[in-house]
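This report concerns only the one structure given below.
For ligands, and for the atoms within them, numbers begin at 1 and follow the listed sequence.
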Amino acid sequence: MLSAVRRCYNLKPQVPRVRYLCSTTVPAGSKVSAHSFEDFVHKRQEEATRSVIVQVSSERSFPELYNYCRDYGNIISAFHYCVRHDDVQHYILLEYENAQQASEAIDSAAYNEDLTGVPVRSPFLWFRATGRKTIQRDTVSGSKTQLAALDGIRIMDNEALMGTLREAVDIEKQIALLYENTKLNDLGIRLRFLAASQVQQAISGMFPLARALPFGSSVNGFGKNGCDLDLILRLDEECKGPDSKKRPESRLVFHTKENLTNGRSQTQRQMESIGDMLHLFLPGVCHVRRILQARVPIIKYHHEHLNLEIDLSMSNLSGFYMSELLFMFGEFDERVRPLIFCIRRWAQSCGLTNPSPGRWISNFSLTCLVIFFLQQTKQPILPSINTLIRSAAPEDVRITEDGINCTFARNFEAIGFSSKNSNKISDLLLQFFEFYSQFDFQNKAISLNEGRAVSKPDHSALYIVNPLEQLLNVSKNVSLEECERLRIEVRNAAWVLESEVENYQQTGVDKSQEPWGLLNLFKTPDKNIIRPNMFFKPRILEVSELFDNTETPPATKSTSSNTATA
Ligand code: CTP
Ligand code: MG
């Protein structure tokens with residue numbers, strides 16, 4: 001079938017050209033010497049310490065703001081964005097050359113006597129009007145610094161996106177355009193690291209070893225514009241910071257409080273306090289909700305200056321290492337990320353995924369399905385996780401405080417994996433749908449560790465072995481009905497995509513004949529056609545049932561006693 005697809009397009013297997021998050025572009029099948037996840041995270045953390053965010057009346061305030069703020073140091077870049085609620089709020093992110101300069105700008109800021117509120121130091125500022133006409137020195141001195149983005153986190157609406165895809169020359173190009181237009185952009189990543197930096201800075205006086213680290217789709221390379229931020233806050237040295245091992249030999253040792261309770265209730269109590277601190281003192285933080293009964297307790301909040309939903313946890317370091325694994329899979333081959341974006345979009349459009357957690361497949365599980373598919377193609381595109389584990393060096397050893405072994409090779413050279421598979425992404429997309437149309441979900445579990453299907457250890461409808469905690473099932477939440485729906489939808493998708501390819505062969509791309517290609521794949525199901533999956537009514541899970549992949553979630557569980565809404 002694949003060769004038929006290739007004939008339709010009259011194409012030789014060819015290397016797609018799309019940009020990496022970390023900027024490497026390599027031919028398919030060759031080894032990638034990519035940036036490491038740690039380098040990426042450190043660079044972004046450091047960038048956040050050099051940045052401030054200033055609320056302004058509009059982007060037209062930029063020259064005046066620039067001239068005012070350059071007194072504190074050299075501004076190397078600036079980005080404008082808007083937050084839209086009832087009205088539009090404008091913000092400018094200024095990036096200084098070094099952290100000292102950003103710090104000086106923050107220290108120069110005044111507290112507004114007219115407003116109530118506890119004075120707090122943070123990188124979130126606003127630019128007040130003087131009432132005087134200011135000379136725009138920018139134009140006078142001929143400064144070259146321009147706004148690198150205008151309305152920089154605006155999400156392209158569906159209609160505009162579909163219009164863009166309609167104009168593409170073929171499905172391959174549609175996939176590339178979808179990726180380029182929806183992936184989390186540079187400014188989006190900056191804002192997420194600033195959110196982390198705000199929390200870390202706020203508590204650094206009392207907890208100098210504390211580290212707040214983004215994980216999940218904000219950093220794993222599979223995040224789309226507007227995605228939520230998953231944040232892990234560690235108060236100890238487990239997230240190793242540069243200062244953590246600085247004074248091992250000192251004879252003066254800090255007194256600390258003894259932990260009186262066990263790990264889990266200790267974490268819950270600490271999170272209560274952190275939740276209060278965020279709610280009461282941190283500028284921009286609102287709608288704080290504490291979900292402390294979940295397997296991984298979290299604090300959810302909204303950041304009004306960043307337009308971000310944030311899930312903060314304090315005991316889920318394996319989630320951070322899981323993000324590192326996903327990031328690496330994205331770096332192995334440049335086809336991985338565009339393919340996953342396309343499949344996530346398809347799943348969203350046919351209602352397989354849903355922003356609220358429930359008995360349906362999550363984006364994370366779906367990503368695992370794609371990675372597994374790419375591991376077991378005839379000529380694998382991705383290595384198994386066991387290959388990464390076997391190649392680990394002593395510096396790759398990571399064991400979390402709860403004993404989860406997150407050791408795997410971080411060095412691409414040491415892993416030495418290269419793929420001979422040169423299929424186009426559109427070929428892989430069709431193969432993905434065909435693969436899961438025939439997959440034995442009833443008896444088989446998906447193991448990314450082994451890169452092959454294994455026997456199912458229990459009766460879960462969909463079983464994806466958790467790569468870092470292999471006794472757990474990542475997709476334990478998925479009901480039988482939702483798994484059945486997945487099987488039906490992948491069959492439909494294979495059928496639609498094949499027809500699209502056939503149509504293309506007969507007529508070529510006729511842009512007046514819309515929609516075509518991915519647009520038909522992403523079509524919302526026609527409500528008048530009754531399909532088998534429409535008999536199933538998915539149930540939205542209580543938030544307390546989130547992240548629980550050890551036991552079957554209870555039918556209902558009230559979270560209201562843990563909920564404090566600011
Ligand atoms: N995670 C995990 N095991 C799970 C669920 C999540 O290790 N059973 C980790 C993964 O690293 C995942 C991260 O937690 O990327 C965040 O989970 P989630 O927010 O559900 O997924 P995202 O990848 O962030 O995707 P989305 O854009 O839907 O938020
Ligand atoms: Mg997430």
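Those atoms of ligand 1 that come under 4.0 Å of a heavy atom in Asn363, given as number and element, are 28 (O). Listed by number with element, the atoms of ligand 1 under 4.0 Å from a non-hydrogen atom of Gly216 are 13 (C), 15 (O), 16 (C), 24 (O). Taking every non-hydrogen atom of Asn220 and a distance limit under 4.0 Å, the qualifying atoms of ligand 1 come out as 15 (O), 23 (O). Atoms of ligand 1 lying under 4.0 Å from any heavy atom of Met322, numbered from 1 in the order shown and given with element: 7 (O), 10 (C), 11 (O). Residue Ser323 approaches ligand 1 through these ligand atoms, each under 4.0 Å from one of its heavy atoms: 11 (O).
Qualifying salt bridge (Lys or Arg N to Asp or Glu O under 4.0 Å) partners for Arg154, counting only residues two or more places apart in sequence or in other chains: Asp151. Considering only residues two or more places apart in sequence or on other chains, Gln201 meets the side-chain hydrogen bond (donor to acceptor under 3.5 Å, both in side chains) condition with Ser197. Every salt bridge (Lys or Arg N to Asp or Glu O under 4.0 Å) that Arg190 has, sequence neighbours left out, goes to Glu47, Glu95, Asp186.
Ion pairing of Glu331 with Arg337 is present here, as a side-chain N (NZ or NE/NH1/NH2) and a carboxylate O approach within less than 4.0 Å. Checked for salt-bridge contact, Glu38 and Arg44 miss the test: no charged N lies under 4.0 Å from a carboxylate O.
A donor-acceptor pair is defined here as one N or O able to donate and one able to accept, closer than 3.5 Å; no such pair exists between the side chain of Ser365 and the backbone of Ile361.
Counting only protein N, O or S atoms closer than 2.8 Å to the Mg ion (ligand 2) gives 1.
If you look at Phe439 and Tyr436, their ring centroids are closer than 6.0 Å. Ring-centre distance between Phe341 and Phe222: not below the 6.0 Å cut-off. Remark: aromatic rings of Tyr91 and His305 are close, center separation under 6.0 Å.
Of all the heavy atoms of Arg344, the ones lying under 4.0 Å from any atom of ligand 1 belong exclusively to the side chain. Contacts with ligand 1 closer than 4.0 Å are made by side-chain heavy atoms of Phe215 only, the backbone lying farther away.
Remark: Lys183 is positioned above the aromatic ring of Tyr179, its terminal NZ or CZ atom under 6.0 angstrom from the ring centre and at most 45 degrees off the axis. Both cation-pi conditions hold for Arg410 and Phe408: the charged atom is under 6.0 angstrom from the six-membered ring centre and inside a 45 degree cone around its axis.
The shortest heavy-atom distance from Arg295 to ligand 1 is not under 4.0 Å.
An N or O contact shorter than 3.5 Å is missing between Leu326 and ligand 1 by distance. Looking at Asn316 next to ligand 1, no N or O pair under 3.5 Å apart turns up. Taking distance alone, with nitrogen or oxygen atoms compared against 3.5 Å, Asp230 approaches ligand 1 more closely than that limit.
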